[in-house]
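For reference, the structure discussed in these notes is given below.
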Amino acid sequence: MPKKTRQYDFSLIEKKWQKRWKKEKTYEPDLKNSKNPFYNLMMFPYPSAEGLHVGNMYAFTGSDIYGRYKRMKGFDVFEPVGLDGFGIHSENYALKIGTHPMKQSEISERRFYEQLEMIGNGFSWDERVETYKPEYYKWTQWLFTEMWRQGLAYRKKQAVNWCPSCKTVLADEQVIGGKCERCGTMVIQKELEQWFFRITKYAEKLLKNLETIDWSEKVKIAQRNWIGKSEGAMVTFKIKNRNEKLEVFTTRPETVFGATYMVLAPEHPLIESLKSEIKNYDEVRKYLETSKKKTDEERDKEKTGIRLEGVKAINPGTGEEIPMFAANHVLSGYGTGAIMAVPAHDERDREFAEIFKLPIQDVIDEKGRIKNSGKFDGLEAEEAKKEIIKHIGGKFHTQYRLRDWLISRQRYWGAPIPMIYCETCVKAGKGERKEMPGWYAVSENKLPVELPFIEEFRPQGHDQSPLASIESFHDVLCPACGSEARRETDVSDTFLDSAWYYIGYLMKHENWKWGMRDKNTKEHIKKWLPVEMYIGGAEHSVLHLFYSRFVAMVLKDAGVLDVEEPFTHFRAHGLLIKDGAKISKSKGNIINPDEYIKEFGADVFRMYLMFLAPFEQGGDFRDQGILGIDRFVKRVYAYFLRFKESEKKPGEDTERLLQQTIKKVGEDIEALKYNTAISQLMILLNALESEEASDHVLNKEDHKKIIKLLAPFAPHVSEELWEMFGEYESVHKAKWPEYDISLMEETTTQIIIQVNGKHRVTLTLEKGTSQKQVEEEAKKNQSVQKTLDGKSLKKVIFIKDKLINFVIQ
RNA sequence: GCCCAGAUGGCGGAAUUGGUAUACGCGCACGACUCAAAAUCGUGUGAGGAAACUCUUGAGGGUUCGAGUCCCUCUCUGGGCACCA
């Protein structure tokens, strides 16, 4: 790390102001009576690693600058923070260092809040929440029971993702490229009964509402792709000599005459029911068994499959008998788990057909018209779609790629799923929901179901949470019949904790006195939601940001929220890079924010992070670069220290530059272009320093404006300067300066003189100079004269106050 | 394979509607201060050329009076999805 270049005592100044802000509750808005609320949210960190990551600080600083700016623009900014401390990530960390998660959470909490204080953000401290506190997870559990009540939580046995290292199931969204989102281990498939949330019910709304919210486009695209809507048709194929049918989903029903074979996923139930018909069943079974064991990656390589000898399907278009196959490239979880294969018009079907030497029937000509399809020949594809579906008795169908959210985890460190299962009720056919006899949700007045302290908290690996071996936890009485019953022992996915934390902050304000449905909570919700600006990482595109939208929609339907979309604006910040790689421990390029803050101060460090590149792009962290900001802050401080009121008048240029700076800094903050806002402040300082030697100087009021412009970026030093300028109320509550257009206007303008589009000279002329005069002036110039000399002038392009271009032969 | 973002000096990056390419900062060089160094301050800094001037925004083509910016083709880098029928 480079060494700082200055002796001004930032540590004293920073501590002084952090203490005073906290004491005076500078950043606590009046949640109840606010007239102009602005909810400025940042993604709360999970305290798993050794401390606050520089990536956290990067994100938080960017969000804080925006919040501070909005506060100065007159909004009551609510900028809360908390800890997302429940879940596998924190538990894995506790396991690694050999501390109990309950103990570790206390240690991490202290450490994180200390660090969060040091970075100098305008946090609303009073409302901080921790997801692992019973008063918080009471409402995580309540949310689960609400899902249950709305018929959105259900249990189902199916092949699910299982991480062998974390020893738990995972949701589809938490499998990144076939690997566990937390530990990077290859995920395998296991057939298990698990709890799911019916997020697919909201698929269309989740998709459609994307058009109504202002989010970083790449996040919207990721969500759109994840939902994966396709329009097509369901088509039924009869099985020859059997009563059975096979339904398939296709996006191209018009090609049904070209379907020359069928393929079933290995898990498809029809294979089992056709068992007696399939002549090579032993062989088939062997194929199914090996393919089920294979991981997705192994399945990837080459197309394999096996013919179901002796069974045939009937093509509903041609009436022809076509062969059937089982193959693992057909996924059981999408559509009906079976396809009609049209090798002439689908690349994958062709590849498979070539391996198995199957016929290829072309049904669309070069002009996109139907052929070889009987009476439909000659129709355009779109029209044929309708006609053919009608003819074969299919029906239009919209299919989504999205699958339900697998919510249970076989781990310890999470919110216990608040459900009870009663065998006695099952026998009697009783239960809260008909389709799930024996299951009861824990009622609100019995929440939270507290997570007990247990010594043996390690994941067990036999498909059950460690809580399954704690009798005192799982032995309960049935809430309906009073017989001995069993509590659910799985915990819920961490992403459920974080899906509603922005409401948690509002509830914490009243110290959890009021429930989610209480009218006092509702008032806060009504006043403060939706979140006006949410800044965070794009890696949460189809995780937290997706789940949160779903949960908000459910809460809207439950009458808790008035809005469907919790975050009207979301901006994804970029990634910090160092030495050409993403910052990570394995790359050995870790940046410890504490060390930099200790050496340079929070103001300098946060300003450097914002200066190195556009915030939404992310940037390249270079140690040496911080010296530039270090010098700048030092020069600012020294300059203001030197300032004395005097009779001197400001220079016109400097006055204009100040107005331009006010305009640019404000606009750049709005656009999150903090790097160019900072450059502009540097340009201004450079000008001010050169003016010191002249007879001109800006007055005190103008200097105060400059302190305000600096305040969002360097909150401590600007507060100190503000006080030095005789102010008592915090600069962060001062009114953002306005710029005066009349002071920005110049009487002269720079006119670019081009010949054939090539820049020759620049002339400074009066604004509004006519084309004729500009031409004359330009022709006086030697360089221009020389190039024009002896050539015939073809054309002159003139743009007033800007440019003249002589086009010559 | 598909989708998204990007490629500009030695480096991080600027550049409104298509109109002075390289703002701001780092680094470097020289100078001042100093016994000296660091820090600080000043000057310079895209390439070639003595200069006039020429060339220069990943490569190639196009549109235009004029292209870093618009269009087409390609290369590379980063990120996401990945047999989704």
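All values reported here derive from a predicted model rather than from experimental measurement. Here is the naming used below: chain letters follow the sequence lines, and residue numbers restart at 1 for every chain.
Not one side-chain nitrogen or oxygen of A:Arg631 sits closer than 4.0 Å to the OP1 or OP2 atom of B:G25. Put simply, A:Gln750 has no side-chain N or O that comes within less than 4.0 Å of OP1 or OP2 on B:U20. Within the structure, a side-chain polar atom (N or O) of A:Asn686 is placed less than 4.0 Å from OP1 or OP2 of B:G25.
When both distances must be under 3.5 Å, the Watson-Crick or G-U wobble mate of B:A82 does not exist. Across all strands shown, B:A5 is found opposite B:U77 as a Watson-Crick or G-U wobble partner, with both distances under 3.5 Å. For B:A50, there is no paired base (Watson-Crick or G-U wobble, both distances below 3.5 Å). Partner assigned to B:U45 is B:G27, using Watson-Crick or G-U wobble distances below 3.5 angstrom. Using Watson-Crick or G-U wobble geometry with both donor-acceptor distances under 3.5 Å, B:U40 finds its partner in B:A32. Pairing for B:U16 is absent, judged as Watson-Crick or G-U wobble with the two contacts each under 3.5 Å.
Of all nucleotides listed (B:C65, B:C81, B:C83), B:C65 comes nearest to the side chain of A:Ile797. In the set B:G27, B:G25, B:U20, B:G25 carries the atom at the smallest distance from any side-chain atom of A:Met682. Closest to the side chain of A:Ile339, out of B:U20, B:A39, B:A85, is B:A85. When distances run from any side-chain atom of A:Asn805 to the nucleotides B:G66, B:C81, B:A85, the shortest one goes to B:G66. Which of B:C65, B:A85, B:U20 sits closest to the side chain of A:Tyr334 comes down to B:A85.
Residue A:Gln399 contributes atom CD, which lies 15 Å from atom P of B:C83 at whole-angstrom precision. Spacing between atom NE2 of A:His573 and atom P of B:G79 amounts to 16 Å, rounded to whole angstrom units. Following rounding to the nearest Å, A:Leu803 (CG) and B:G18 (C1') show an atom-to-atom distance of 11 Å. Computed from coordinates, the A:His345 NE2 to B:C83 C1' distance equals 19 Å when rounded to whole Å. Computed from coordinates, the A:Glu351 CD to B:A82 P distance equals 19 Å when rounded to whole Å. We find that NE2 of A:His759 is positioned 17 Å from P of B:U56, with the value rounded to whole Å. Atom CD1 in A:Ile799 sits about 12 Å away from atom C1' in B:U64, given to the nearest Å. In this structure, the CE atom of A:Met340 is 12 Å from the P atom of B:A85, given to the nearest Å.
When the C1' atom is used for both B:G48 and B:G27, the distance is 23 Å, rounded to whole Å. Of the C1' atoms belonging to B:C28 and B:C74, the separation is 37 Å, rounded to the nearest Å. Atom C1' of B:G79 sits at a distance of 27 Å from the matching atom of B:G60, rounded to the whole Å. Nucleotides B:U63 and B:A52 place their C1' atoms 33 Å apart, quoted to the nearest Å. For B:U16 and B:G68, the P atoms lie 13 Å apart once the distance is rounded to whole Å. Using P as the reference atom, B:C24 and B:U45 are 12 Å apart when rounded to the nearest Å. As rounded to the nearest Å, B:A39 and B:A29 have P atoms that lie 12 Å from one another. Spacing between B:U20 and B:U57 at atom C1', rounded to whole Å, works out to 15 Å.
One can find a donor-acceptor pair under 3.5 Å joining the base of B:G19 and the side-chain atoms of A:Gln754.
The pair A:Lys218-A:Glu616 does not meet the salt-bridge criterion, since no charged nitrogen lies less than 4.0 angstrom from a carboxylate oxygen. Residues A:Lys386 and A:Glu254 are not paired through a salt bridge, judged by the lack of any N-O separation under 4.0 Å between the basic side chain and the carboxylate. Between A:Lys220 and A:Glu211 no salt bridge is recorded (no basic side-chain N to carboxylate O distance below 4.0 Å).
With sequence neighbours excluded, no residue satisfies side chain to side chain donor-acceptor pair (under 3.5 Å) with A:Arg307.
Within the structure, every pair that satisfies the salt bridge (Lys or Arg N to Asp or Glu O under 4.0 Å) test and touches residues 604-613 of chain A, not counting sequence neighbours, is listed here: A:Asp64-A:Arg606.
The aromatic rings of A:Trp405 and A:Tyr547 sit parallel to each other, their planes meeting at less than 30°, with 60° as the upper class boundary. Note on ring orientation: taking the six-membered ring where Trp is involved, the planes of A:Phe249 and A:His397 are perpendicular (angle over 60°, cut-offs 30° and 60°). A:Trp215 and A:Phe570 have tilted rings, their planes meeting at an angle from 30° to 60° on a 0 to 90° scale. Ring orientation note: the planes of A:His573 and A:Tyr58 are nearly perpendicular, at an angle over 60° on the 30°/60° scale.
RNA chain B is contacted by both A:Thr250 and A:Gly625; A:Gly625 maps to the nucleotide lying nearer its 5′ end (nearest heavy atom per residue).
Counting any heavy atom pair closer than 4.0 Å across all strands shown, A:Ile683 reaches sugar-phosphate atoms only and no base atom. Here A:Arg224 lies out of heavy-atom contact (under 4.0 Å) with every strand. Within the 4.0 angstrom heavy-atom criterion, no nucleotide atom of any strand lies near A:Ser541.
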Item checked: Contact state string [nucleotides 4-17 of chain B, B base, S sugar-phosphate only, - no protein heavy atom under 4.0 Å] -> S------SBSS--B
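The glycosidic torsion of B:G66 lies more than 90° away from 0, which places this base in the anti conformation.
Residues A:Glu173 and A:Trp226 have side chains that bring a donor and an acceptor to within less than 3.5 angstrom of each other.
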